[in-house]
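Letters A, B, ... are given to chains in the order of the sequence lines, protein chains preceding strands, and every chain is numbered from 1.
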Amino acid sequence: MGFLKNLENRGFIQQISDPALYDLLEKEHVSCYAGFDPSDSSLHLGHLIPIIGLMHFQQAGHRPIAVVGGATGMIGDPSGRDQERNLLTIDTIRANEIGIRSQLSRFLDFDRPDNPAILVNNFDWTNPFGYLEFLRDVGKHFSVNTMIAKESVKKRLESRDQGISYTEFSYQILQAYDFHHLSKSHGCRVQIGGSDQWGNITAGIDLNHRMGGEQLYGITFPLLMTAAGKKFGKSEGNAVWLDGTRTKPYEFYQYLFQSDDRDVVRFLKIFTLLPDEEIAALAECVAKDPEKREAQRRLAYEVTRMVHGDAGVRAAEGATRILFGAESIRGYDDDTLTAIFSDAPSVDVPRDSLGQGIPLLDLLPMTELCKSKGEARRLVTSGGLYINNDRETRLDKIVTMDDLASPSFLVLRSGKKTYFLVRFTG
RNA sequence: GGGGAGAUACCCAAGAGGUCAAAGGGGGCAGACUGUAAAUCUGUUGGCAGACGCCUUCGAAGGUUCGAUUCCUUCUCUCCCCA
């Protein structure tokens with residue numbers, strides 16, 4: 001099967017600028033770029049789509065170029081935004097670039113002999129431009145008539161109370177110029193991006209054409225929605241970050257593990273590099289034995305390993321076994337518990353108070369589990385409180401030395417998965 | 001500047017002198033059923049006690065009343081219409 005056809009079957013393709021690309025990618029090895037905006041210091045799960053897209057290109061012998069948007073990030077892409085952005089400070093952008101560069105560099109192979117990946121920053125070629133020079137050489141090729149017809153701009157022009165600044169309006173010119181520049185300097189012929197990038201990509205294709213360059217191509221990926229109708233990659237409205245300090249490997253693993261049956265196969269095709277046959281086998285598991293969640297487990301494993309490495313998956317799997325196993329947590333050492341519950345909130349309590357014992361109803365309001373004693377009472381009464389994974393329903397329970405899960409920790413849990421650690425110190 | 005409507009707990013929204021810690025819905029938190037899924041059902045959702053009860057809360061400050069979320073005055077803010 002052809003390379004692009006295969007990507008299409010795996011669910012990567014929303015739009016292709018020209019069907020001639022199918023053939024081109026069979027006959028030649030080309031360079032392909034994707035841009036990443038440094039509006040934050042970490043990429044998130046959604047960014048994995050273009051990243052894996054680049055990985056597919058590299059595996060097929062093409063050359064991937066990852067572009068950090070140090071210049072475009074200073075302007076702000078209006079695409080998909082219904083209001084003007086607040087400009088980030090230069091310091092923030094520079095700091096973010098560093099974070100994003102290091103994340104990107106983990107996914108691509110920079111040492112592959114024939115087609116090593118390249119990581120560049122558009123600031124390097126955009127910054128030296130003088131304003132007049134830029135207007136004459138680049139701006140001249142843009143028709144405002146066309147620019148205002150782009151979806152991202154049009155929406156904002158129609159909105160009476162939002163509008164769009166000249167700065168953001170100019171954004172598409174900068175990104176278009178990136179494509180032209182990469183075509184000239186690295187022979188890049190293809191740009192990939194999210195579906196909201198369509199306008200920016202085609203602007204680049206047009207610009208290159210006007211400036212006498214060769215035919216360029218663009219591919220966009222679909223916006224991923226879950227079967228439940230949520231944006232993929234958001235957990236309670238928060239992004240699932242690739243940065244392990246912002247989203248712990250365990251949470252990352254769990255997010256994927258909890259994929260809906262209706263979504264998991266689609267996600268396997270996009271987020272893993274597993275061969276089609278293997279995914280087909282996993283799809284059968286979902287159909288026959290959905291309760292085993294083989295596909296979810298595999299998805300979580302593959303993606304977590306890609307992002308957090310072997311140690312990261314092992315930690316996530318280990319924590320999963322303890323957290324979702326029903327057996328009580330007893331006789332552990334402090335270090336093991338700290339590692340497993342590294343992302344659980346905790347509170348320190350002086351050890352001496354344990355001497356005469358602490359009434360459970362007094363202990364709970366000291367944690368984030370309950371705001372008041374009344375709430376604690378309701379939680380315990382309803383059977384939603386667990387001490388070291390054992391349900392505790394006695395309102396008059398006194399917590400003592402004997403209840404500790406490790407020399408200094410007590411593990412509290414509210415409901416199915418909200419853990420809280422109490423550490424006895426001193 | 002003139003006229004009108006409104007402000008109630010996390011959100012929406014009822015209440016029009018005591019029976020109001022305040023209906024209903026959403027959301028949240030638990031429980032049951034499950035597969036760490038979806039759906040469904042149940043309980044709960046100001047604080048302290050948990051038996052009666054006590055305390056704080058209905059935009060803010062005053063007032064009338066035995067008693068006010070409900071009536072009066074002033075203030076603050078929001079929305080709508082007209083200039």
### Query
Using Watson-Crick pairs (N1 to N3, plus N6-O4 or O6-N4) and G-U wobble pairs, both distances under 3.5 Å, which stems of at least 3 pairs involve RNA chain B?
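Counting only runs of 3 or more consecutive pairs, the stems involving RNA chain B are B:1-7 with B:76-82, B:10-12 with B:24-26, B:27-32 with B:40-45, B:46-48 with B:53-55, B:59-63 with B:71-75.
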Hey, is the main chain of [Y] close enough, under 3.5 Å, to the side chain of [X] for a donor-acceptor pair?
| X | Y | value |
| --- | --- | --- |
| A:Asn115 | A:Gln58 | yes |
| A:Glu26 | A:Gly2 | no |
| A:Thr320 | A:Ala316 | yes |
| A:His47 | A:His44 | yes |
| A:Asn200 | A:Gln172 | no |
| A:Asn121 | A:Asp124 | no |
| A:Asn388 | A:Arg330 | no |
| A:Asp23 | A:Ala20 | no |
| A:Ser102 | A:Gly99 | yes |
| A:Glu392 | A:Arg394 | yes |

### Task
Mind listing the residues from residues 284-298 of chain A sitting with a heavy atom below 4.0 Å of RNA chain B? Number order is fine.
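Listed by number, they are A:Pro290, A:Glu291, A:Arg293, A:Gln296.
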### Query
Listed in order of residue number, which residues of residues 242-251 of chain A have a non-hydrogen atom at under 4.0 Å from RNA chain B?
none
### Task
Kindly indicate, with the supporting measurements, whether the criterion side-chain contact (heavy atoms from CB on, under 4.5 Å) is fulfilled by A:Trp198 and A:Lys150.
CA-CA 9 Å; A:Trp198 183 248; A:Lys150 301 269 178 195; over 6 Å; no
Atom [atom1] of [X] to atom [atom2] of [N]: distance rounded to whole Å?
| X | N | atom1 | atom2 | answer |
| --- | --- | --- | --- | --- |
| A:Phe420 | B:C29 | CZ | P | 16 Å |
| A:Lys416 | B:A38 | NZ | C1' | 14 Å |
| A:Leu379 | B:C29 | CG | P | 12 Å |
| A:Leu385 | B:U44 | CG | C1' | 16 Å |
| A:Asp261 | B:U34 | CG | C1' | 12 Å |
| A:Phe257 | B:U36 | CZ | P | 8 Å |
| A:Lys417 | B:G31 | NZ | P | 12 Å |
| A:Asn389 | B:U36 | CG | P | 14 Å |

Base, sugar-phosphate, or nothing for [X], non-hydrogen atoms under 4.0 angstrom?
| X | value |
| --- | --- |
| A:Ser259 | nothing |
| A:Tyr386 | sugar-phosphate |
| A:Thr320 | base |
| A:Arg413 | nothing |

Dump the pairs, protein N or O against N or O of nucleotides 46-51 of chain B, anything under 3.5 Å, distances to one decimal.
from: B:G47; atom 1: OP1; to: A:Ser372; atom 2: OG; distance (Å): 2.7
from: B:C48; atom 1: OP1; to: A:Lys373; atom 2: N; distance (Å): 2.8
from: B:C48; atom 1: OP2; to: A:Gly374; atom 2: N; distance (Å): 3.0
from: B:A49; atom 1: OP1; to: A:Lys373; atom 2: NZ; distance (Å): 2.7
from: B:G50; atom 1: N7; to: A:Arg377; atom 2: NE; distance (Å): 2.8
from: B:G50; atom 1: N7; to: A:Arg377; atom 2: NH2; distance (Å): 2.7
from: B:G50; atom 1: O6; to: A:Arg377; atom 2: NE; distance (Å): 2.6

### Query
Can you tell me how far OG of A:Ser152 sits from CG of A:Asp196, rounded to the nearest 0.5 angstrom?
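OG of A:Ser152 is found 9.0 Å from CG of A:Asp196.
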Can you tell me how far [atom1] in [N] sits from the matching atom in [M], rounded to whole Å?
| N | M | atom1 | result |
| --- | --- | --- | --- |
| B:G4 | B:C10 | C1' | 31 Å |
| B:C58 | B:A22 | P | 15 Å |
| B:G43 | B:A23 | P | 15 Å |
| B:A68 | B:U56 | P | 12 Å |
| B:U8 | B:C54 | C1' | 24 Å |
| B:G3 | B:C20 | C1' | 35 Å |
| B:A21 | B:G53 | P | 11 Å |
| B:G35 | B:G28 | P | 24 Å |

Filtered N/O pairs between nucleotides 52-58 of chain B and protein, under 3.5 Å:
none

### Query
How are the rings of A:Tyr419 and A:Phe341 set relative to one another: parallel (under 30°), tilted (30 to 60°) or perpendicular (over 60°)?
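Ring orientation of A:Tyr419 relative to A:Phe341: tilted.
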### Task
Tell me, please, which residues at least two apart from A:Lys288 pass salt bridge (charged side-chain N to carboxylate O under 4.0 Å, His left out).
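Only A:Glu284 meet the salt bridge (charged side-chain N to carboxylate O under 4.0 Å, His left out) criterion with A:Lys288.
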### Query
Applying the side chain to side chain contact (heavy atoms under 4.5 Å, CB included) test to A:Leu43, which of A:Val307, A:Ile100, A:Leu48 qualifies?
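Among A:Val307, A:Ile100, A:Leu48, the one meeting side chain to side chain contact (heavy atoms under 4.5 Å, CB included) with A:Leu43 is A:Ile100.
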#### Entry: Verdict with supporting geometry, A:Arg423 and A:Phe409, side-chain contact (heavy atoms from CB on, under 4.5 Å)
CA-CA 5 Å; A:Arg423 180 153 113 233; A:Phe409 286 106; 3.4 Å; yes
### Task
Taking the six-membered ring of A:Phe169 (Phe, Tyr or Trp), confirm whether the NZ or CZ of A:Arg156 is under 6.0 Å from its centre and within 45° of its axis.
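Negative - A:Arg156 is either too far from the ring of A:Phe169 or too far off its axis.
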#### Entry: Ring centroid separation A:Tyr33 to A:His186 under 6.0 Å
no
